[in-house]
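Along the sequence shown, residues carry numbers from 1. Since we're looking at a predicted model, the values are computed, not measured. Atom set for the values below is all heavy atoms of this structure, side chains included, hydrogens, waters and symmetry mates excluded.
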Amino acid sequence: MSVVDPLSRGLAELHAEAFDAPWTAEAFSGLLTQPGMVLEAEPGGFILARVAGDEAEILTLAVRPEVRRGGIASRLVVAAAARSTSMGAQRFLLEVAEDNGAARALYDRLGFEAAGRRRRYYARPEGPAVDALLLVLNLADRLPTG
């Protein structure tokens with residue numbers, strides 16, 4: 001049995017509250033040891049991104065359901081963008097399920113633009129798989145503001 005650090009365990013617990021298919025504590029523990037990782041957190045939510053070269057990718061953004069729509073997600077994206085920029089990133093990327101209206105509205109409000117589509121990327125337990133939209137924000141032009 002592997003020993004998982006308290007941070008990874010806490011991230012996994014919050015992720016499980018936010019998603020139907022949560023990541024494990026072991027997965028977070030492995031990710032956090034990789035180079036270029038950006039973790040920003042505040043009570044009720046966190047964002048995990050990875051900077052590679054001049055790009056940063058949002059790997060996950062989790063906010064507890066009971067505190068959603070309170071600005072946490074916006075603040076986390078803004079903080080991760082600023083930190084990623086300080087690490088050399090000029091573009092911020094992510095994939096979002098086409099049917100995730102709340103997330104799409106958040107990223108639209110922060111200035112992300114559609115740059116592509118991955119057909120049937122997100123499996124759904126009941127119903128057909130959903131396309132992923134690839135969204136991009138050019139950090140060289142401007143940092144997002146909440």
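A continuous path of ILVMFWY side-chain contacts below 4.5 Å connects Met37 to Trp23, so both sit in one hydrophobic cluster. By the rule that hydrophobic residues join a cluster once side-chain heavy atoms approach within less than 4.5 Å of another member, Val67 and Val78 end up as members of one cluster. Under the 4.5 Å side-chain heavy-atom criterion for Ile, Leu, Val, Met, Phe, Trp and Tyr, Leu7 and Leu31 are members of the same hydrophobic cluster.
In this structure, Val38 and Val51 have side chains that are in contact, with non-hydrogen atoms separated by less than 4.5 Å. With contacts defined as side-chain heavy-atom distances shorter than 4.5 Å, the pair Val77/Phe92 qualifies. At a threshold of 4.5 Å between non-hydrogen side-chain atoms, the residues Glu17 and Pro65 count as touching. Residues Arg68 and Val63 are in side-chain contact: their nearest non-hydrogen atoms beyond the backbone lie under 4.5 Å apart. At least one side-chain heavy atom of Leu32 sits under 4.5 Å from a side-chain heavy atom of Leu48. In this structure, Leu76 and Glu42 have side chains that are in contact, with non-hydrogen atoms separated by less than 4.5 Å.
Taking CD of Glu26 as the start and OG of Ser8 as the end, the distance is 8.5 Å to the nearest 0.5 Å. Atom CG in Leu139 sits 10.0 Å away from atom CD in Glu55 (nearest 0.5 Å). The distance from atom OH of Tyr122 to atom CG of Asp131, rounded to the nearest 0.5 Å, is 11.0 Å. Ser84 contributes atom OG, which lies 11.5 Å from atom CZ of Arg50 (distance to the nearest 0.5 angstrom). Separation of atoms CZ (Arg104) and CZ (Arg109) is listed at 13.5 Å; rounding is to 0.5 Å. With rounding to the nearest 0.5 Å, the separation of CZ in Arg91 from CG in Asp54 is 7.5 Å.
Under the 4.0 Å criterion applied to side-chain N and carboxylate O atoms, Arg75 and Glu40 are not assigned as salt-bridge partners. Using a 4.0 Å cut-off between charged nitrogen and carboxylate oxygen, Arg124 and Asp99 count as a salt-bridge pair.
Of the options Thr60, Ile72, Leu61, a side chain to side chain contact (heavy atoms under 4.5 Å, CB included) to Phe46 is made by Thr60 and by none of the others.
Residues meeting the side chain to side chain donor-acceptor pair (under 3.5 Å) test with Glu13, sequence neighbours left out: none.
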How far apart are the C-alpha atoms of Tyr121 and Val96, what are their side-chain angles, what is the distance that settles it, and do they pass the side chain to side chain contact (heavy atoms under 4.5 Å, CB included) test? CA-CA 10 Å; Tyr121 187 79; Val96 64; over 6 Å; no
Quick one: do Ile47 and Leu39 satisfy side chain to side chain contact (heavy atoms under 4.5 Å, CB included)? Show the steps, please. CA-CA 6 Å; Ile47 188 170; Leu39 173 64; over 6 Å; no
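No donor-acceptor distance shorter than 3.5 angstrom exists from the side chain of Arg117 to the backbone of Leu134, with no hydrogens or angles considered.
Summarising the geometry of Ser29 relative to Asp5, their closest heavy-atom pair is OG-OD1, 3.4 Å, with the distance given to 0.1 Å. When all heavy atoms of Ser74 and Leu106 are compared, the pair lying nearest together is OG-CD1, 3.2 Å.
Classification of the His15-Phe28 ring pair by plane angle, with boundaries at 30° and 60°, yields perpendicular. Ring pair Tyr107/Phe112 is perpendicular by interplanar angle, where above 60° counts as perpendicular and below 30° as parallel.
No more than 12 heavy-atom neighbours from other residues, nucleotides or ligands sit within 6.0 angstrom of CZ on Arg120.
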